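Report on the structure given below.
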Amino acid sequence: MRIVTRTDEMIRASRDLSRAGQAVGFVPTMGFLHEGHTSLMDLLRPRCHTLVVSIFVNPLQFGPNEDLDRYPRDPEGDAARCQAHGTDLLFMPTDFYPPDFRTHVRVDHVTRHLCGASRPGHFEGVATVVARLFGVVGPRLAAFGEKDWQQLTVIRRMVDDLAMDIQIVPGPTVREPDGLALSSRNKYLSPQDRIRALSLSRALRAMQASPLADVEALKRSVLPLLEVDALHYLEVVGDQDLEPLSTLDRPARALVAARVGTTRLIDNMALAPRA
Ligand code: AMP
């Protein structure tokens, strides 16, 4: 596995691969890799010639009071995981945004609520870094986790709107055996918080199992299950357009975001239309 830390070297490598007709599969990450990330590598490995993983903690997508400075890092463990999952090239840039970088990508509408409301500027940071990564890495395929459902929607919208010739491959959420969605941020949870964090997936599963079609009643019925310190949102939206639903009359997604202790967690699950 080759490790590249300079952006111009990555650009040269991707141009060489494309001239040689090699299809690049790409998994962008912020590192501290777990099985959620490696599942995306496994998903793309059989579908591409060259598998590129990036690790870059993107300052643009963190708000002023968020955890950029304490975001967990483990470059050696990450490299070993990438290698074990068939990565050909690991891109860990130290010079990603040049000093005269001036372009920002803003995706409207699907970013106005959910995490877009509780984290102003977050999705502009995400769309901007992913657009530049796509330009630098030149992938044919790129994998994103369903764990970040709104992010996946934003990336799909951007790729469609900007006619980028990249196939977006979604990967199902990888969970601990007890249901907790894997996240690099889980490491911040104390043992007691770890138990309360389970209430997110429990509430979402209860929504899946409920016969209620009325969304307000459905949400009310699971609120008591949420053992969190602050609920940022619990919403039911159309699974592709993220439009808020009042009745479960089409394929939907239930999404939750909450703070447990000092850690902000998100999760989501599919909801089938009620008969
Ligand atoms: P991050 O490093 O948190 O920016 O995540 C990088 C990619 O891994 C994103 O596409 C995430 O959606 C995906 N991802 C993170 N956690 C999980 C998980 N538990 N299951 C599946 N994909 C995940």
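For clarity, every value in this text was computed on a predicted model and none was experimentally measured. All residue numbers refer to positions in the sequence shown, counting from 1. Order of listing sets the numbers, starting from 1, for every ligand and every atom in it.
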Cation-pi geometry met for Arg70 and Tyr188 (6.0 Å, 45°)
yes
Side-chain touch Phe101/Phe96, heavy atoms, less than 4.5 angstrom
no
With no hydrogens and no angle check, is any side-chain donor or acceptor of Arg81 less than 3.5 Å from a backbone partner on Gln83?
no
With atoms numbered from 1 as shown, which atoms in ligand 1 lie under 4.0 angstrom from a non-hydrogen atom of Thr173?
20 (N), 21 (C)
Does ligand 1 have an atom that lies less than 4.0 angstrom from a heavy atom of Glu146?
no
Between Pro28 and ligand 1, which part of the residue brings a heavy atom under 4.0 Å of the ligand: side chain, backbone, both or neither?
backbone
What protein heavy atom sits nearest atom 10 (O) of ligand 1, and how far off is it?
Gly145 N, 2.9 Å
How long is the span from the CD1 atom in Ile55 to the OG1 atom in Thr29, to the nearest 0.5 Å?
4.5 Å
Taking only heavy atoms of Leu182, which atoms of ligand 1 are found under 4.0 Å from at least one of them?
16 (N), 17 (C), 18 (C), 19 (N)
In this structure, atom 20 (N) of ligand 1 is nearest to the protein heavy atom Val174 N, 2.8 Å
Can you name the closest pair of heavy atoms from Arg196 and Gly261 and give their distance?
NH2-N, 3.7 Å
Atom of Ala23, atom of Cys48 and distance for their closest heavy-atom approach
O-CB, 3.5 Å
Check each atom of ligand 1 against the heavy atoms of Leu40 and keep those under 4.0 Å away; list them by number with element.
7 (C), 8 (O), 10 (O), 13 (C)
Among all the protein's non-hydrogen atoms, which is closest to atom 12 (O) of ligand 1, and how far away is it?
Asp148 OD2, 2.6 Å
I'd like to check which ligand 1 atoms, numbered from 1 as shown, lie under 4.0 Å from a non-hydrogen atom of Pro172.
20 (N), 21 (C)
What's the separation between atom CZ in Arg264 and atom CG in Asp229, rounded to the nearest 0.5 Å?
14.0 Å
Find all atoms of ligand 1 within a distance of less than 4.0 Å from any non-hydrogen atom belonging to Phe144, and give their numbers and elements.
10 (O)
Can you tell which of His37, Arg175, Lys147 gets a heavy atom nearest to atom 8 (O) of ligand 1?
His37
So, do Val110 and Gln150 sit near enough that their side-chain heavy atoms are less than 4.5 Å apart?
no
Look at atom 4 (O) of ligand 1 and say which protein heavy atom is nearest, naming residue and atom and giving the distance to 0.1 Å.
Met30 CG, 3.6 Å
Can you list the atoms of ligand 1 that are under 4.0 Å from a heavy atom of His34?
15 (C), 16 (N), 17 (C)
With heavy atoms under 4.0 Å as the rule, classify the contact between Val27 and ligand 1 as side chain, backbone, both or neither.
neither
Presence of salt bridge, Arg102 and Asp100, under 4.0 angstrom:
no
